[in-house]
Chemist: 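The following block contains the structure, expressed as structure tokens.
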Amino acid sequence: MSMQEFKPVKEGKVREIYDIGDQLVMVATDRISCFDVILGNQVNKKGTVLTQMSKFWFDMTKDILPNHMLSVDVQDMPEYFRQERFDGNSMLCRKLHILPVECIVRGYITGSGWASYQKDGTVCGIRLPEGLQESEQLPEPIYTPSTKAEIGDHDENISFERSIAYLEKFFPGKGEEYAGKLRDYSLALYKKCAEYAYGRGIIIADTKFEFGLDQEGNIVLADEMLTPDSSRFWPLEGYEPGHGQPSFDKQFARDWLKSHPDHNWVLPEDVVHKTIKKYLQAYELLTGSPL
């Protein structure tokens with residue numbers, strides 16, 4: 001009997017999701033996207049870093065709420081996944097009914113939040129103290145949900161109140177309960193992990209979480225968690241508010257593309273090399289062991 005072939009049921013910019021019946025296999029590829037475009041390069045080992053980093057955080061936060069991870073060992077997956085290209089970068093997951101809200105937590109003011117604050121002193125409708133500098137730590141982390149857009153559309157930031165009404169549309173009678181839990185879980189996860197990371201020399205400036213419902217209707221943490229693709233990681237060493245910070249993710253790639261407008265979406269090898277070095281360095285700092 002020949003081995004069953006699987007095709008991804010969903011392909012994101014850098015990830016593939018395979019449906020294997022009552023479970024999913026999520027594969028983080030070595031593709032890299034910048035400015036919402038998939039680049040012509042592969043970044044070797046990037047997918048493995050993302051998968052193993054998510055595993056590390058999932059293990060650390062089981063006391064806050066359950067997550068969808070079942071295993072990262074390909075021996076626990078159908079035979080098709082026991083080939084080299086899936087080894088280390090694949091995660092066997094529970095199937096969940098995904099809640100249609102991106103749960104964003106910001107602990108520092110940067111990016112679109114900084115732009116909004118400069119304009120009117122608010123971020124996603126939340127009024128912040130006057131006189132904050134770019135990249136400064138906020139007095140308290142803030143929760144700024146957004147709607148999940150289809151690929152190609154942009155997510156839309158919504159207020160907490162609007163997230164109640166939005167969830168109510170999909171889950172009548174549950175909007176308020178789910179919105180409150182998503183906020184509370186997101187803030188609890190961020191606080192625990194950001195404090196841990198700070199102690200290891202990494203600032204987690206902001207991040208996004210996704211959640212789903214299991215068959216009993218419990219909220220379960222899904223997707224990837226606290227990777228350089230879903231979060232902004234800054235080195236604590238050399239951190240100073242007042243300007244943008246260097247980061248542990250695609251910063252090299254983004255900077256190079258910006259300074260070479262005729263790039264054709266392909267990076268030189270040394271930029272690819274520097275990029276993966278940053279990912280590996282972040283992994284090692286956080287987990288305490290090399291990948």
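As a basis for the values below, the full set of heavy atoms in this structure was taken, side chains included, without hydrogen atoms, waters or symmetry mates. We count residues from 1, following the sequence as given.
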Chemist: Taking all heavy atoms of Ala222 and all of Leu96, pick out the closest pair and write down the distance.
Modeler: CB-CD1, 3.8 Å

Chemist: Between Tyr80 and Phe86, does a ring-ring contact (aromatic ring centres under 6.0 Å, His included) hold up when you go through it step by step?
Modeler: CA-CA 9 Å; Tyr80 175 72; Phe86 294 116; 5.6 Å; yes

Chemist: If we count only N and O atoms by modelled type, under 3.5 Å, do the side chains of Ser71 and Asp73 hold a donor and an acceptor together?
Modeler: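 Their side chains do not contain a donor-acceptor pair, so the 3.5 Å distance test is not met.
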
Chemist: Just say parallel, tilted or perpendicular for the rings of His260 and Trp256, cut-offs at 30° and 60°.
Modeler: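 His260 and Trp256: parallel rings.
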
Chemist: If you measure only the distance, is there a donor-acceptor pair under 3.5 Å linking the side chains of Lys55 and Gln52?
Modeler: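 No pair is found: no donor N or O on one side chain lies under 3.5 Å from an acceptor on the other.
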
Chemist: Quick check on the hydrophobic clustering: are Leu280 and Leu267 connected, directly or via other members, by side-chain heavy-atom contacts under 4.5 Å?
Modeler: yes

Chemist: Report yes if the side chains of His263 and Leu39 come closer than 4.5 Å at any heavy-atom pair, otherwise no.
Modeler: no

Chemist: Mind running side chain to side chain contact (heavy atoms under 4.5 Å, CB included) on Gln75 and Arg82 for me, showing each step along the way?
Modeler: CA-CA 7 Å; Gln75 296 305 319; Arg82 292 172 216 163; 3.6 Å; yes

Chemist: State yes or no: do Leu92 and Phe56 share one hydrophobic cluster built from I, L, V, M, F, W and Y residues joined by side-chain heavy-atom distances below 4.5 Å, directly or via other members?
Modeler: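 Hydrophobic grouping puts Leu92 apart from Phe56.
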
Chemist: Any side-chain to backbone donor/acceptor pair from Asn157 onto Ser146? Under 3.5 Å, distance only.
Modeler: no

Chemist: Look at the side-chain heavy atoms of Ile, Leu, Val, Met, Phe, Trp and Tyr, link any pair under 4.5 Å apart, and say whether Val9 and Tyr18 land in one connected group.
Modeler: no

Chemist: CD of Gln118: more than 12 outside heavy atoms within 6.0 angstrom?
Modeler: yes

Chemist: Using the side-chain contact (heavy atoms from CB on, under 4.5 Å) definition, which of the options Ile164, Val101, Ile219 pairs with Tyr178?
Modeler: Ile219

Chemist: Would Met60 and Met225 count as a side chain to side chain contact (heavy atoms under 4.5 Å, CB included) if you check the C-alpha gap in whole Å, the side-chain angles of each, and the deciding distance to 0.1 Å?
Modeler: CA-CA 11 Å; Met60 187 194 283; Met225 179 179 187; over 6 Å; no

Chemist: Can you list the steps and then say if Gln4 with Ile20 is a side chain to side chain contact (heavy atoms under 4.5 Å, CB included)?
Modeler: CA-CA 10 Å; Gln4 185 183 358; Ile20 59 164; over 6 Å; no

Chemist: Given 3.5 Å as the limit, does a donor-acceptor pair link the side chain of Thr29 with the main chain of Val14, or not?
Modeler: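 Side chain of Thr29 to backbone of Val14: a pair is present.
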
Chemist: For Phe171 and His97, what are the C-alpha separation, side-chain angles and deciding distance, and is it a ring-ring contact (aromatic ring centres under 6.0 Å, His included)?
Modeler: CA-CA 11 Å; Phe171 305 98; His97 186 106; 5.5 Å; yes

Chemist: Evaluate the side-chain proximity of Asn67 to Lys62: yes if any heavy-atom separation is below 4.5 Å, no if none is.
Modeler: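 Yes, their side chains come closer than 4.5 Å.
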
Chemist: Donor-acceptor pair, Gln245 side chain versus Glu240 backbone, under 3.5 Å?
Modeler: yes

Chemist: Using the ring pair (Phe, Tyr, Trp, His ring centres under 6.0 Å) definition, which of the options Tyr190, Tyr117, Trp234, Tyr198 pairs with Tyr108?
Modeler: Trp234

Chemist: In terms of side-chain geometry, is the basic nitrogen of Arg254 or Asp249 positioned less than 4.0 Å from the acidic oxygen of its partner?
Modeler: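 Salt bridge: yes.
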
Chemist: Could you give the distance from CE (Met77) to CG (Asp87), rounded to the nearest 0.5 Å?
Modeler: 9.0 Å

Chemist: Rounded to the nearest 0.5 Å, how far apart are OG1 of Thr207 and CZ of Arg106?
Modeler: 11.0 Å

Chemist: Salt bridge check: are Asp36 and Lys13 linked by an N-O gap of less than 4.0 Å?
Modeler: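 Lys13 and Asp36: salt-bridged.
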
Chemist: Would you find a donor on one side and an acceptor on the other, under 3.5 Å apart, between the side chain of Glu168 and the backbone of Gly173?
Modeler: yes

Chemist: For the pair Phe81 and Phe6, evaluate ring-ring contact (aromatic ring centres under 6.0 Å, His included) and give the outcome as yes or no after the intermediate values.
Modeler: CA-CA 9 Å; Phe81 295 95; Phe6 287 93; 5.5 Å; yes

Chemist: Are any non-hydrogen side-chain atoms of Glu210 and Ser230 less than 4.5 angstrom apart?
Modeler: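 No, side chains not in contact.
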
Chemist: Check step by step if side chain to side chain contact (heavy atoms under 4.5 Å, CB included) holds for Met91 and Ser54.
Modeler: CA-CA 9 Å; Met91 185 179 285; Ser54 286; 4.0 Å; yes

Chemist: Looking at Thr227 and Phe233, what are the two nearest heavy atoms and their distance?
Modeler: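 So the minimum-distance heavy-atom pair works out to C-CZ, 4.0 Å.
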
Chemist: Is the backbone N or O of Ser135 less than 3.5 Å from a side-chain atom of Thr110, with the two atoms forming a donor-acceptor pair by type?
Modeler: no

Chemist: Counting only N and O atoms by type, is there a donor-acceptor contact under 3.5 Å from the side chain of Ser259 to the main-chain atoms of Asp255?
Modeler: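 Yes.
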
Chemist: Just so I know, are the side chains of Asn41 and Pro268 near enough to count as touching, which here means a heavy-atom distance under 4.5 Å?
Modeler: no

Chemist: Is it true that the NZ or CZ of Arg183 lies under 6.0 Å from the centre of Phe160's six-membered ring and within 45 degrees of the ring axis?
Modeler: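 The answer is yes, since Arg183 meets both limits relative to Phe160.
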
Chemist: Check this for me: does any side-chain nitrogen of one of Lys192 and Asp63 sit under 4.0 Å from a carboxylate oxygen of the other?
Modeler: yes

Chemist: Going hydrophobic residue to hydrophobic residue with side-chain gaps under 4.5 angstrom, can you get from Ile38 over to Val271?
Modeler: no

Chemist: Hey, does the side chain of Lys250 reach the backbone of Ser33 with a donor-acceptor pair shorter than 3.5 angstrom?
Modeler: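 Yes, the answer is positive, given that a donor and an acceptor are paired below the 3.5 Å cut-off.
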
Chemist: Using a 3.5 Å distance criterion without hydrogens, assess whether the side chain of Lys95 forms a donor-acceptor pair with backbone atoms of Gly21.
Modeler: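 It does hold such a pair.
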
Chemist: Any donor-acceptor pair under 3.5 Å linking the side chain of Ser90 with the backbone of Val27?
Modeler: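 Such a contact is absent between Ser90 side chain and Val27 backbone.
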
Chemist: Hey, could you give me the CD1/OG distance between Ile203 and Ser231, rounded to the nearest 0.5 Å?
Modeler: 13.5 Å

Chemist: Tell me whether the count of non-hydrogen atoms from other residues, nucleotides or ligands lying under 6.0 Å of CD in Glu237 goes above 12.
Modeler: no

Chemist: Might you point out which heavy atoms bring Val123 and Ile109 nearest each other, and give the distance in Å?
Modeler: CG2-CD1, 4.0 Å

Chemist: Is the shortest side-chain heavy-atom distance between Val220 and Leu65 below 4.5 Å?
Modeler: no

Chemist: Does the side chain of Val74 come within less than 4.5 Å of Val25's, by heavy atoms?
Modeler: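 When only atoms from C-beta onward are counted, Val74 and Val25 do not touch, as no gap falls below 4.5 Å.
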
Chemist: For Glu224 versus Leu50, what's the shortest heavy-atom pair and its separation?
Modeler: OE1-CD1, 4.3 Å

Chemist: How long is the gap from OG1 on Thr51 to NZ on Lys46, to the nearest 0.5 Å?
Modeler: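 Reported value, rounded in 0.5 Å steps: 10.0 Å.
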
Chemist: For the OG atom of Ser289 and the CD atom of Glu284, what is their distance to the nearest 0.5 Å?
Modeler: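 One gets 7.5 Å once the value is rounded to the nearest 0.5 Å.
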
Chemist: Might you point out which heavy atoms bring Ala197 and Leu286 nearest each other, and give the distance in Å?
Modeler: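 For Ala197 and Leu286, the tightest heavy-atom pair comes out as CB-CD2, 3.7 Å.
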
Chemist: Is there a donor-acceptor pair closer than 3.5 Å between any side-chain N or O of His68 and the backbone N or O of Asp223?
Modeler: yes

Chemist: How close do Pro290 and Tyr283 get, counting heavy atoms only, and between which atoms?
Modeler: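 Heavy atoms of Pro290 and Tyr283 come nearest at C-CE2, 4.2 Å.
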
Chemist: Could you tell me if the side chain of Gln215 sits less than 4.5 Å from the side chain of Arg94, heavy atoms only?
Modeler: no

Chemist: Report the distance from atom CD1 of Ile204 to atom CZ of Phe248, rounding to the nearest 0.5 Å.
Modeler: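 Between Ile204 CD1 and Phe248 CZ, I get 11.0 Å after rounding to 0.5 Å.
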
Chemist: Check this for me: does any side-chain nitrogen of one of Lys191 and Glu140 sit under 4.0 Å from a carboxylate oxygen of the other?
Modeler: yes

Chemist: What about Tyr185 and Leu167, same hydrophobic cluster or not, with Ile/Leu/Val/Met/Phe/Trp/Tyr joined at side-chain heavy-atom distances under 4.5 Å?
Modeler: yes

Chemist: For a 4.5 angstrom cut-off between non-hydrogen side-chain atoms, does Leu226 reach Leu189?
Modeler: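 Not in contact.
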
